[in-house]
K.L.:
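Pasting a structure below so you can have a look.
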Amino acid sequence: MRPTTRRILTATISAVVLLSACSSGDDEADATSTTEATTTTAAPETTAAATTSTTAAPTTTEATSTTSTTEATIPTQPATTTTPPPPTTNPGDPNWLEITQGLLSTLNDLRANPDLGRIGEYCVAGENSCQSLHGTEVQRLVEENWRVVGLDNPVVTRAEVIEVATDLPDAARWHQVRVTTEPQDLSEARIVDSSGETVFQLTRDEDAPPERLDLVLLNTPDGWRVLASDASTEG
């Protein structure tokens with residue numbers, strides 16, 4: 001077992017945050033010209049009548065100006081290729097994303113509606129690190145008649161197995177799953193008493209990286225449950 005795992009099985013976890021929170025025209029040109037010329041020649045005296053010769057000016061052709069328009073062509077943008085994120089589980093493996101999302105949502109509900117009788121929906125039954133930490137957390141909320149309000153469910157973005165106890169029987173074979181969640185909005189999160197008065201305001205560093213949680217899970221007759229956990233942030 002890795003040192004990290006041994007530490008997980010005995011260390012405090014994400015709930016410590018909760019407990020310690022207590023303390024663009026065209027142009028056209030027209031040109032028309034007509035000239036009439038008249039020539040008169042004097043006739044000799046023996047001529048009875050004068051002859052008049054008239055020459056008509058040549059016909060003028062109207063000039064036409066033509067503007068050529070070239071259509072602009074807009075280059076086509078190259079198609080964008082997107083690469084899907086890597087899977088959070090291998091084919092045939094449990095859906096760790098769904099499993100861990102469900103467990104963390106349950107824990108969040110236990111904080112909003114404290115009930116010691118429901119701790120088994122999150123933790124493995126019996127004596128273990130999860131019971132010691134989260135069982136104690138829920139118990140304190142019950143005893144003080146406190147509850148957490150304004151805290152949305154955590155959103156799991158990735159879940160991957162990083163270690164499995166393959167040397168143990170199936171019933172005792174735990175899986176260590178590394179879970180990454182989006183930072184939770186704690187702007188309205190607080191612990192209130194029975195009358196709704198604020199006891200503690202929950203806060204976090206808004207510039208903190210996504211939260212990471214290592215969950216040690218055991219598959220029980222009731223489904224996957226948490227044996228231990230260790231919270232940290234991605235560096």
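Because the structure is predicted, anything quoted here is derived from the model rather than measured. Values reported hereafter were calculated over all heavy atoms of this structure, with side chains retained and with hydrogens, waters and symmetry mates removed. Position 1 is the first residue of the sequence; numbering continues from there.
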K.L.:
I'd like to know if the side chain of E182 reaches the main chain of T157, judged simply by a donor and an acceptor atom lying under 3.5 Å from each other, with no hydrogens or angles considered.
P.N.:
no
K.L.:
Look up atom CZ in R118 and atom CG in L107, then write down how far apart they are to the nearest 0.5 Å.
P.N.:
10.5 Å
K.L.:
Which other residues end up in the same hydrophobic cluster as V192, if Ile, Leu, Val, Met, Phe, Trp and Tyr are linked when side-chain heavy atoms come under 4.5 Å apart?
P.N.:
V149
K.L.:
Considering only heavy atoms from C-beta outward, does the side chain of L213 approach that of T100 to under 4.5 Å?
P.N.:
no
K.L.:
Parallel under 30°, tilted from 30 to 60°, perpendicular over 60°: which one fits the rings of F200 and W146?
P.N.:
perpendicular
K.L.:
Between Q131 and E127, do the side chains contain an N or O donor and an N or O acceptor separated by less than 3.5 Å?
P.N.:
no
K.L.:
Are any side-chain N or O atoms of R173 and backbone N or O atoms of L168, one a donor and one an acceptor, separated by less than 3.5 Å?
P.N.:
yes
K.L.:
With a 4.5 Å limit on heavy-atom distance, are the side chains of R225 and N128 in contact?
P.N.:
no
K.L.:
Just how far is it from atom CG of L110 to atom CG of L116, taken to the nearest 0.5 Å?
P.N.:
9.0 Å
K.L.:
Quick one: salt bridge (charged side-chain N to carboxylate O under 4.0 Å, His left out) pairs with a partner in residues 194-203, sequence neighbours left out?
P.N.:
none
K.L.:
Kindly list each side-chain donor-acceptor pair under 3.5 angstrom involving residues 215-223, sequence neighbours excluded, with atom names and distances?
P.N.:
| unit_1 | atom_1 | unit_2 | atom_2 | d |
| --- | --- | --- | --- | --- |
| T220 | OG1 | D222 | N | 3.2 |
| T220 | OG1 | G223 | N | 3.3 |
| T220 | OG1 | G223 | O | 2.6 |

K.L.:
Are side-chain heavy atoms of H134 and I119 found at a separation under 4.5 Å?
P.N.:
yes
K.L.:
Taking P114 as the fixed residue, which of D109, L141, N145, V148 is the one that meets the side-chain contact (heavy atoms from CB on, under 4.5 Å) rule?
P.N.:
L141
K.L.:
Determine whether a donor-acceptor pair (N or O, by modelled atom type, separation under 3.5 Å) exists between the side chain of Q176 and the backbone of E163.
P.N.:
no
K.L.:
Would you say the side-chain atoms of N108 pair up with the backbone N or O of L151, donor to acceptor, closer than 3.5 Å?
P.N.:
yes
K.L.:
If Ile, Leu, Val, Met, Phe, Trp and Tyr residues are connected whenever their side-chain heavy atoms lie under 4.5 Å apart, and connections chain through other members, are I99 and V155 in the same group?
P.N.:
no
